[in-house]
Amino acid sequence: MDAEMEDAETRAEIEWDGGGGGADAVLALAAGGASVSLCYHQAFGPHDDLVLLEAADDLLPDLLQGRVTVRGRPDEEAVLCTPSATYSMKFVGTSNSVFLIPPGEPSAPCLRPDNTNGDANAADAVAAAIKLAPGNIELVRTAPRLDKLRSLLRERPYILDEDLGDGFQHQKGLYTWQDLCKLIQASDGELLDGLNTLSAVEIDGFWRTVDAHSMNTILDMILHNSVLHDWPLNAVPENDVLSVMESDGFAHKIVTHCLNRFGTKVEQEARSFWSLDEKCVCLQFARRVLGAGKMKLANFMDKWERSVPSGMRVDLQMLEGEVLCDKLGAETWVHAFSVAHLPLTPAERFAALFRERLKWEWKDLQPYIRDLRVPGVSSEGLLIKYTRRTQPSSEAEPIFTAR
């Protein structure tokens with residue numbers, strides 16, 4: 001009996017695929033304004049493998065040319081990704097009857113509602129439906145889910161002189177581009193932007209961040225060699241610094257990554273130079289000083305100023321989104337609080353901020369939310385949704401508390 005049913009289903013699929021269902025006649029209604037009769041295709045059924053997808057016109061080229069992927073683990077909500085954008089997928093039911101009719105002329109076998117055979121050429125049996133759709137999937141532009149990317153890259157940061165060894169166990173916690181595409185719900189373009197924001201680099205096929213201590217060591221050696229060889233910090237010769245660093249045992253790719261993180265490459269007279277960015281370098285030294293914990297602002301500024309390379313000048317404004325200052329009596333104290341360590345989703349971001357402080361002045365809050373990007377929602381919209389604003393007077397600084 002099962003074999004007969006499978007054979008019947010196979011014949012129905014062949015008839016459906018091979019014969020037209022009359023969709024051409026339905027499409028012609030728009031031009032002629034006529035009516036069309038409807039019957040059941042012989043292959044009519046639930047067809048759970050067919051789902052309607054509602055897509056805007058600007059998505060059609062990517063959909064029709066196969067440039068979209070559906071990403072998400074079994075325990076996650078699926079998203080649809082184009083090469084540059086991410087869309088949430090939500091099933092929306094409909095109270096109207098939506099019939100799916102295969103393409104082609106009205107020539108497929110069909111059944112009347114009373115299960116009697118109908119004539120596909122008759123006036124009352126023009127189009128043959130193969131499925132009654134209960135709804136469709138709606139696509140809504142959404143922010144990429146990159147919090148998971150950060151946690152994955154933290155599993156095995158690159159450490160100088162490490163030995164990965166061979167075999168699967170030695171590669172645990174390491175992820176290739178293909179691995180990340182399977183695990184992260186983001187388009188390829190957004191995933192690459194996320195890797196760049198996290199200062200990740202591809203090493204031996206795996207995308208990784210560089211351990212903070214290792215990065216400090218490489219930066220110190222570049223600065224030390226700049227003094228030793230009299231290289232200006234705004235024009236460090238690329239070939240020379242790479243040659244010297246490689247002779248000291250530092251990998252070419254890691255040194256280049258460090259130069260790219262703390263400087264900008266410039267071309268002069270057919271030679272490549274690196275101009276170290278004062279803010280980036282000074283910020284790295286500030287993080288080192290603040291590694292000791294909370295300290296008085298005056299003490300911090302003194303230690304910070306003495307630690308940076310000669311010729312560079314520190315400014316507290318360099319540390320927006322990196323440190324918080326607290327007034328305790330007559331003293332001002334400073335401690336590390338980096339936006340880079342905060343969640344990327346708005347709800348979790350604001351929750352973390354209000355755990356740190358119950359009240360925020362705008363000048364302190366703004367550096368910690370300006371990187372939030374939610375399609376279709378402005379920064380003002382996020383503030384309205386997640387905060388309450390109070391302002392004692394028009395001249396006073398607005399205060400934000402949790403909603």
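Model, not experiment: these values are computed from the prediction.
Of the possible donor and acceptor atoms, none in the side chain of Arg388 sits under 3.5 Å from a partner among the backbone N and O of Ile399. Checked by atom type and distance alone, the side chain of Gln366 never pairs as donor or acceptor with a backbone atom of Lys363 at under 3.5 Å. The main-chain N or O of Thr86 is never found under 3.5 Å from a side-chain atom of Thr142 such that the two would form a donor-acceptor pair. Ser214 contributes no side-chain N or O that, together with a main-chain N or O of Val210, makes up a donor-acceptor pair within less than 3.5 Å. Side-chain N or O atoms of Arg373 include one that pairs as donor or acceptor with a backbone N or O of Arg370 at under 3.5 Å. Judged purely by atom type and a 3.5 angstrom limit, Glu320 has no side-chain atom pairing as donor or acceptor with the backbone of Gln317. Remark: side-chain polar atoms of Thr387 are paired, donor with acceptor, to backbone N or O of Leu383 under 3.5 angstrom. Side-chain N or O atoms of Thr345 include none that pairs as donor or acceptor with a backbone N or O of Ala347 at under 3.5 Å.
Checked against the 6.0 Å centroid threshold, Tyr368 and Trp360 count as a close aromatic pair. For Trp304 and Phe285, the gap between ring centers reaches or exceeds 6.0 Å.
A salt bridge links Arg71 and Asp188; the closest N-O separation between the charged side-chain nitrogens and carboxylate oxygens is under 4.0 Å. A salt bridge links Glu238 to Lys265: at least one charged side-chain nitrogen sits closer than 4.0 Å to a carboxylate oxygen. With respect to the salt-bridge test (charged N to carboxylate O, under 4.0 angstrom), the residues Arg271 and Glu269 do not qualify. Looking at Asp364 and Lys359, no side-chain N of the basic residue comes within less than 4.0 Å of a carboxylate O on the acidic one, giving no salt bridge. Looking at Glu322 and Arg287, a side-chain N of the basic residue comes within less than 4.0 Å of a carboxylate O on the acidic one, giving a salt bridge. Looking at Arg389 and Glu380, no side-chain N of the basic residue comes within less than 4.0 Å of a carboxylate O on the acidic one, giving no salt bridge.
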Task: Trace of the side-chain contact (heavy atoms from CB on, under 4.5 Å) decision for Thr264 with Asp277 - done: CA-CA 7 Å; Thr264 303; Asp277 184 273; 5.6 Å; no

Task: Full working for side-chain contact (heavy atoms from CB on, under 4.5 Å) between Leu149 and Leu195 - done: CA-CA 8 Å; Leu149 175 63; Leu195 290 168; 3.9 Å; yes

Open item on the list: Using side-chain contact (heavy atoms from CB on, under 4.5 Å), reason through Ile137 and Leu52 one step at a time and then give a plain yes or no.
Closed with: CA-CA 6 Å; Ile137 293 178; Leu52 288 179; over 6 Å; no

Task: Worked check of side-chain contact (heavy atoms from CB on, under 4.5 Å) between Thr217 and Asp220 - done: CA-CA 5 Å; Thr217 300; Asp220 286 344; 5.8 Å; no

TODO: Evaluate the criterion salt bridge (charged side-chain N to carboxylate O under 4.0 Å, His left out) for residue pair Asp211 and Arg154; output intermediate values, then yes/no.
DONE: CA-CA 9 Å; Asp211 170 71; Arg154 285 175 177 168; over 6 Å; no

Task: Test log, rule salt bridge (charged side-chain N to carboxylate O under 4.0 Å, His left out), inputs Arg349 and Asp371 - done: CA-CA 11 Å; Arg349 171 73 63 86; Asp371 66 311; 2.9 Å; yes

- [ ] Dump the intermediate steps for salt bridge (charged side-chain N to carboxylate O under 4.0 Å, His left out) on Arg355 and Glu348, then the final yes or no.
- [x] CA-CA 11 Å; Arg355 282 195 299 270; Glu348 295 178 0; over 6 Å; no

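In this structure, CZ on Arg306 lies 4.5 Å from CG on Asp302, to the nearest 0.5 angstrom. Separation of atoms OG (Ser84) and CG (Leu192) is listed at 12.5 Å; rounding is to 0.5 Å. Here CG of Leu223 is found 6.5 Å from CG of Leu233. Values are rounded to the nearest 0.5 Å. How far CG of Asp62 is from CG of Leu60: 9.5 Å, rounded to the nearest 0.5 Å. For the atom pair Thr82 OG1 and Leu63 CG, the distance stands at 9.0 Å (nearest 0.5 Å). In this structure, Leu290 CG and Met295 CE are separated by 6.0 Å, a value rounded to the nearest 0.5 Å.
Put simply, the side chain of Phe250 reaches to within 4.5 Å of the side chain of Met221, judged on heavy atoms. Residues Ile254 and Ile218 form a side-chain contact, since some pair of their non-hydrogen atoms from C-beta on lies under 4.5 Å apart. No side-chain heavy atom of Thr69 sits under 4.5 Å from any side-chain heavy atom of Leu80. Contact check for Phe273 versus Pro232: no side-chain heavy atoms found under the 4.5 Å cut-off. Contact check for Leu324 versus His335: side-chain heavy atoms found under the 4.5 Å cut-off. With contacts defined as side-chain heavy-atom distances shorter than 4.5 Å, the pair Leu228/Val244 does not qualify. Glu138 has its side chain out of reach of Met89: every pair of non-hydrogen atoms, C-beta onward, lies at least 4.5 Å apart. For the pair Met215 and Cys258, the minimum side-chain heavy-atom distance is below 4.5 Å.
The two residues Leu372 and Leu344 have their closest heavy-atom pair at CD2-O, 3.4 Å. Nearest heavy-atom pair across Leu276 and Leu259 is CD2-CD2, 4.4 Å. Residue Lys253 comes nearest to Val201 through the heavy atom pair CE-CG2, 4.1 Å, listed as atom of the first residue, atom of the second, then distance. Taking both residues in full, the closest heavy atoms of Arg208 and Pro157 are given as NH2-O, 3.2 Å, listed atom of the first, atom of the second, then distance. Minimum heavy-atom separation, Val241 to Trp231: CA-CH2, 3.6 Å. Minimum interatomic distance between Ile222 and Met245 (heavy atoms only, all atoms of both residues): CG1-CE, 4.0 Å.
Summarising the local packing, CD of Glu202 is surrounded by more than 12 heavy atoms from other residues, nucleotides or ligands at distances under 6.0 Å. Remark: Lys148 NZ is packed, more than 12 non-hydrogen atoms of other residues, nucleotides or ligands lying under 6.0 Å away. When the shell of 6.0 Å around CG of Asp315 is examined, it contains more than 12 heavy atoms from other residues, nucleotides or ligands. Within a 6.0 Å sphere centred on CD of Gln268, other residues, nucleotides and ligands contribute more than 12 heavy atoms. Residue-environment remark: CG (Leu358) stays at or below the threshold of 12 foreign heavy atoms within 6.0 Å. Heavy atoms of other residues, nucleotides or ligands lying less than 6.0 angstrom from NE2 of His213 number 12 at most.
Between the side chains of Thr176 and Asp179, at least one donor N or O sits under 3.5 Å from an acceptor N or O.
Aromatic ring orientation, Tyr386 versus Phe350: parallel (interplanar angle below 30°, classes split at 30° and 60°).
Contacts of Phe44 classified as ring pair (Phe, Tyr, Trp, His ring centres under 6.0 Å), with partners at least two apart in sequence or in another chain: Tyr40.
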